[in-house]
Structures are given as structure tokens and as C-alpha cells.
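Being a predicted model, the structure only gives us computed values, none of them experimental.
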Amino acid sequence: MPAPIDTPSPADTTGEFPCPNALVVATFALMTRWAALPPDARTSGQPQAGLLRPLLARKIVSNLFFLMHHPEVPPPMAAALRHAHAQWQAMDRPAPDEARPALASHDAQPAPAPCEARPPGTTLH
């Protein structure tokens, strides 16, 4: 019989971290999907559904955070991950005149600015 959902996994109780290579691959997959989506892609076909790109960006920011603090990641790679984390955080922030809806909200969210509208020096990685 499977364990109940609220039972912690062995990684939760022993302090183990996921494999950094798997986390890097998963993050690259998310970045690839983010880049391939049209800015107005939604989580469902409904007009009131939330935009997908901001959700992917938040997950990418989260993965980069865990990677840059992973004990198996060498310091030079952690430094590069810190830079990427800062870049993705900046891309995930709404414009000053836009309010970010709550994560659970299904209200329409503004699309991120296209690459050509981003400030010079802003990168996608």
C-alpha cells in the first residue's frame, strides 16, 4: 500500500538533495519551453486562465535558487547560477504599473515584454 501523501520522503528526513545534474536538465527543459511559448499562452483554453510563461519563469527561478545552494555544485558554477537567478528574477517581475496576481489566481496576467523590448544587457540565461 502506498504511503499517505503527507508522509515525508526519505530525502525530506535525511537532508539529502536531488541530483544537481537532473535539476540542471529539468531547468533547461523549462527554459526551452518558456522560450518556445507565445507570450499569450495560457494554462488552459479559457480566456480567464493565467498566463503560462510567468508560471514557468517562477519555477525556473526556484530551480536556479536550489541549484546555486546545492552542496555538490562547485563555486564557479554557483556564481554563474546566482547571475542566472538574478536575471530570471528580473524578467519575472511585473512592470511598475502592473500588479502581480496571486499564484493561485486564474485572472489574466500581463505577458512579459518581448526580447527586443528588454533593457540592453538582459539575457535569457
**Asked** What's the spacing between L55 CG and R42 CZ if we round to 0.5 Å?
**Response** 11.0 Å

**Item:** Pair listing, side-chain hydrogen bond (donor to acceptor under 3.5 Å, both in side chains) test, anchored in residues 69-79, at least two apart
**Value:** none

**Asked** Can you name the residues that form a side-chain contact (heavy atoms from CB on, under 4.5 Å) with A78, not counting sequence neighbours?
**Response** V73, R82

**Request:** State, with a plain yes or no, whether a side-chain heavy atom of L56 is found less than 4.5 Å away from one of R33.
**Result:** yes

**Request:** Measure up the F65 and H85 rings against each other and bin them: parallel (under 30°), tilted (30 to 60°), perpendicular (over 60°).
**Result:** tilted

**Fill in**
Sequence neighbours excluded, the answer for side-chain contact (heavy atoms from CB on, under 4.5 Å) partners of P74 is P76, M77

**Request:** Name all residues meeting the side-chain contact (heavy atoms from CB on, under 4.5 Å) criterion together with P71; count only those two or more places apart in sequence or in a different chain, and write none if there are none.
**Result:** F17

**Prompt:** Would a 4.5 Å heavy-atom cut-off, applied to side chains only, mark M31 and L64 as touching?
**Reply:** yes

Identify each donor-acceptor pair in which a side-chain atom of residues 19-30 lies under 3.5 Å from a protein atom, sequence neighbours left out, and give them as a table.
| unit_1 | atom_1 | unit_2 | atom_2 | d |
| --- | --- | --- | --- | --- |
| T27 | OG1 | L23 | O | 2.7 |
| T27 | OG1 | N63 | ND2 | 3.1 |

